[in-house]
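Bear in mind that the values here come from a model prediction, so they are computed numbers and not experimental data.
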Amino acid sequence: MKISHKNRKQKNRKTTTQLIAIGFLIAIIIGTVILMLPVSSATGKWTNPVDAMFTATTSVCVTGLTVYDTFSYWSTFGHIVMLCLIQCGGLGIVAFTTILTVILGRRVTLKDRLLLEDAFNLTTLSGLVRFLKKIFIGTFIVEGVGALIYMFVFVPEYGAKGIWISVFTAVSAFCNAGIDIIGDSSLVPYSSNIIINMVTMVLIVSGGIGFIVWWDFLDTIGKVRHKDIKFKHFWSKLKLHTKIVIITTLVLIITGAAFVLLLEYNNAETLGAKSWPEKILAAVFQSVTVRTAGFTMISQKGLRDCTAFICIILMFIGGSSVGTAGGVKTGTVAVIILAAISVIKGSNDTVVFGRKIPAKTVRKALAVFTVSIAVTFLAIIALIMVSEINFIDATYEIVSAVATVGLTRDTTGLLNMPGKLIIILCMYLGRIGPISMAIAFAKRGSNENRFSYPDEEITVG
């Protein structure tokens with residue numbers, strides 16, 4: 001039987017999820033080829049393909065794990081390539097899905113539009129395009145302001161080179177990449193510098209909190225300024241997503257910092273030698289950076305195992321949806337916790353701030369969490385099998401890769417070839433996984449069941 005041209009065309013159409021995966025893969029391949037070239041290395045020599053791919057992947061997936069010292073190994077050209085990959089990868093969640101769907105020779109059908117609207121919580125396709133423009137403009141403004149403030153520290157210290165260092169660090173911080181070109185000690189020499197600490201944390205949180213929260217927050221401020229609503233009603237007018245993200249982010253930062261301070265205040269390898277103001281500052285920075293940023297102010301290898309475990313939990317949670325951060329996302333964890341609380345209370349609905357969270361959203365959150373846990377466990381087992389790494393270091397490395405964090409307990413540089421390939425795969429899956437799953441589950445969730453099966457209880461707990 002012959003297949004019509006129309007049916008063949010529909011059959012060969014790539015799904016949105018496939019386009020995301022292909023888009024990131026193409027960026028990684030292009031980056032790998034360029035970084036292999038002699039012009040990309042400081043020594044002018046060819047770079048090993050696997051190491052070039054590792055660097056391209058960690059840049060595009062805004063992870064931060066590196067097999068080479070970024071400061072000394074790569075040339076200025078190599079640094080520029082990495083910065084472009086970081087910027088592209090940081091904005092990739094929205095940019096790739098919209099640009100590849102809207103621009104690159106693909107007609108947007110009603111089905112595609114509804115899919116993207118559901119994934120990004122928007123109302124129309126035109127709203128999606130405007131949203132993308134806002135993201136680009138807002139990103140460049142925030143990164144530019146961050147770079148200008150950095151210059152007050154880096155220019156006096158490094159001269160004209162401080163301008164380039166400031167720009168690179170600002171983009172890397174906002175995109176939650178954690179890659180820097182300052183030196184072999186990263187930001188450790190600036191652990192007591194208030195400006196570097198505060199600007200870096202603000203950039204990390206700004207990128208990781210999610211663009212949806214940005215615009216909801218700014219739109220509500222605009223309504224207050226134009227006196228459409230009173231200031232006392234500001235919080236109540238924010239969307240439920242924004243409220244949950246803000247509260248969850250604050251809780252994670254504060255509790256994370258408290259645990260780090262409590263467990264590490266007398267550890268000579270981390271906070272022990274610092275004054276109390278410096279201990280507090282370093283603990284807060286660790287709590288912020290560990291949730292997908294990857295900049296280092298204290299030794300990760302020096303962390304006690306109990307602290308490392310807390311950091312692993314924070315890394316796995318990550319930042320928020322439709323932003324530059326990785327992890328399973330704050331909203332996902334918050335929904336699961338709220339659902340558990342509703343069960344404990346004996347409620348049939350998951351309710352928060354006077355709003356009911358749809359059952360399909362709870363199921364999506366459980367699916368994303370479960371799949372991420374499964375992938376992480378399998379990767380940990382695989383890394384331990386191919387490398388001589390202890391469990392806590394292997395777990396730290398894998399979760400850091402899957403959640404696109406970039407922190408390491410001095411493990412990355414010791415990886416053998418199979419180990420590097422496992423981490424590359426983890427970084428790739430960690431970057432495309434959450435948004436791909438969100439879109440895939442949105443697509444499946446849009447189909448109503450034509451019939452239902454009879455209920456039958458099973459014993460749990």
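Looking at heavy atoms from C-beta onward, Thr412 lies in side-chain contact with Glu397 at the 4.5 angstrom threshold. Between Leu65 and Ser400, the closest side-chain pair of non-hydrogen atoms falls below 4.5 Å. The side-chain heavy atoms of Gln87 and Thr139, taken from C-beta on, include a pair separated by under 4.5 Å. Within the 4.5 Å cutoff, the side chain of Val260 has no heavy atoms near those of the Ile310 side chain. No side-chain heavy atom of Thr32 sits less than 4.5 Å from a side-chain heavy atom of Phe54. Residues Asp216 and His241 fail the side-chain proximity criterion, which asks for heavy atoms closer than 4.5 Å. Under the 4.5 Å side-chain criterion, counting only non-hydrogen atoms from C-beta, Asn176 is not in contact with Phe295. Between Ile181 and Ile165, some side-chain heavy-atom pair lies under the 4.5 Å cut-off.
Interatomic distance, Leu271 CG to Glu269 CD, rounded to the nearest 0.5 Å: 11.5 Å. Here CE of Met297 is found 4.0 Å from CG of Asn197. Values are rounded to the nearest 0.5 Å. Note that CD1 of Ile28 is 9.0 Å distant from CG of Leu85, once rounded to the nearest 0.5 Å. Here the CD1-OG distance, from Ile141 to Ser206, works out to 12.5 Å after rounding to the nearest 0.5 Å. Taken to the nearest 0.5 Å, the CG atom of Leu35 stands 10.0 Å off from the OG1 atom of Thr57. Note: Ile246 CD1 to Ile209 CD1 = 5.5 Å, rounded to the nearest 0.5 Å.
Ring to ring, Phe309 and Phe259 are not that close: their centroids are 6.0 angstrom or more apart. Aromatic ring centres of Phe174 and Phe140: separated by at least 6.0 Å.
Panel note: side chain Asn267, backbone Gly302; a donor-acceptor pair is recorded below 3.5 Å. Panel note: side chain Thr66, backbone Asp69; no donor-acceptor pair is recorded below 3.5 Å. Using a distance-only test at 3.5 Å, with no hydrogens or angles considered, a donor-acceptor pair links the side chain of Ser191 to the main chain of Val188. Of the possible polar contacts, none joining the His233 side chain to the Ile229 backbone as a donor-acceptor pair under 3.5 Å is found. Not a single donor-acceptor pair under 3.5 Å links the side chain of Thr361 to the backbone N or O of Ile357. Remark: the backbone N or O of Val245 is paired with a side-chain donor or acceptor of Thr249 at under 3.5 angstrom. Without hydrogens or angle criteria, Arg291 side chain to Ile204 main chain gives no donor-acceptor distance under 3.5 Å. Between the side chain of Lys227 and the backbone N or O of Arg225, no donor-acceptor pair lies under 3.5 Å. Within the 3.5 Å criterion, the main-chain N or O of Thr408 finds no donor-acceptor partner in the side chain of Thr411. Remark: the backbone N or O of Val328 is not paired with any side-chain donor or acceptor of Ser372 at under 3.5 angstrom.
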Checking ring pair (Phe, Tyr, Trp, His ring centres under 6.0 Å) for the pair Phe154/Tyr190: CA distance, chi angles, key distance, verdict? CA-CA 11 Å; Phe154 292 138; Tyr190 303 94; 5.5 Å; yes
Between Thr248 and Ile337, is the side-chain contact (heavy atoms from CB on, under 4.5 Å) condition met? List the steps. CA-CA 11 Å; Thr248 306; Ile337 293 174; over 6 Å; no
Ile312 vs Ile392, test: side-chain contact (heavy atoms from CB on, under 4.5 Å). Steps then yes/no. CA-CA 9 Å; Ile312 287 170; Ile392 191 69; 4.0 Å; yes
Would you please test Phe234 and Phe217 for ring pair (Phe, Tyr, Trp, His ring centres under 6.0 Å) and show each step? CA-CA 9 Å; Phe234 176 82; Phe217 201 83; 5.2 Å; yes
Applying side-chain contact (heavy atoms from CB on, under 4.5 Å), run through Leu261 and Ile280 and close with a yes or a no. CA-CA 7 Å; Leu261 187 62; Ile280 295 172; 4.1 Å; yes
Evaluation steps, side-chain contact (heavy atoms from CB on, under 4.5 Å), between Thr47 and Tyr73: CA-CA 10 Å; Thr47 298; Tyr73 183 84; 2.9 Å; yes
Show your working on ring pair (Phe, Tyr, Trp, His ring centres under 6.0 Å) between Phe168 and Trp74 and close with a plain yes or no. CA-CA 14 Å; Phe168 193 102; Trp74 302 103; over 10 Å; no
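Residues Tyr396 and Gln300 share a closest heavy-atom pair of OH-OE1, 2.6 Å. When all heavy atoms are compared, the tightest approach of Ala170 to Gly146 is CB-C, 4.1 Å. Residues Ile179 and Ser59 come closest through the heavy atom pair CD1-OG, 4.1 Å. Smallest separation of non-hydrogen atoms from Glu278 and Ser192: OE2-CB, 3.2 Å. Between Ala308 and Leu303, the shortest heavy-atom distance links the atoms N-CB, 4.5 Å. Nearest heavy atoms, Val62 versus Gly90: CG1-N, 3.6 Å.
Between the side chains of Lys239 and Thr220, no donor N or O sits under 3.5 Å from an acceptor N or O. The closest side-chain donor-acceptor pair between Ser186 and Asp180 falls under 3.5 angstrom. Between the side chains of Thr330 and Ser320, a donor-acceptor pair is found at a separation under 3.5 Å. In the model, Thr200 has a side-chain atom that pairs as donor or acceptor with a side-chain atom of Tyr150 under 3.5 Å.
No more than 12 heavy atoms of other residues, nucleotides or ligands sit less than 6.0 Å from atom NZ of Lys237. Enclosure of atom CE in Met53 is not indicated, since only 12 or fewer non-hydrogen atoms of other residues, nucleotides or ligands lie within 6.0 angstrom. The local environment of CZ in Arg355 is sparse, with at most 12 non-hydrogen atoms from other residues, nucleotides or ligands closer than 6.0 Å.
Screening Glu264, Lys279, Gln286 for a side-chain hydrogen bond (donor to acceptor under 3.5 Å, both in side chains) involving Thr270 leaves a single residue, Glu264.
A cation-pi geometry, defined here as NZ or CZ lying under 6.0 Å from the six-membered ring centre and within 45° of its normal, does not hold between Lys161 and Trp164. Both cation-pi conditions hold for Lys243 and Phe353: the charged atom is under 6.0 angstrom from the six-membered ring centre and inside a 45 degree cone around its axis.
Judged as a side-chain contact (heavy atoms from CB on, under 4.5 Å), and not counting sequence neighbours, the contacts of Lys301 are Ser299, Asp393, Arg409, Asp410.
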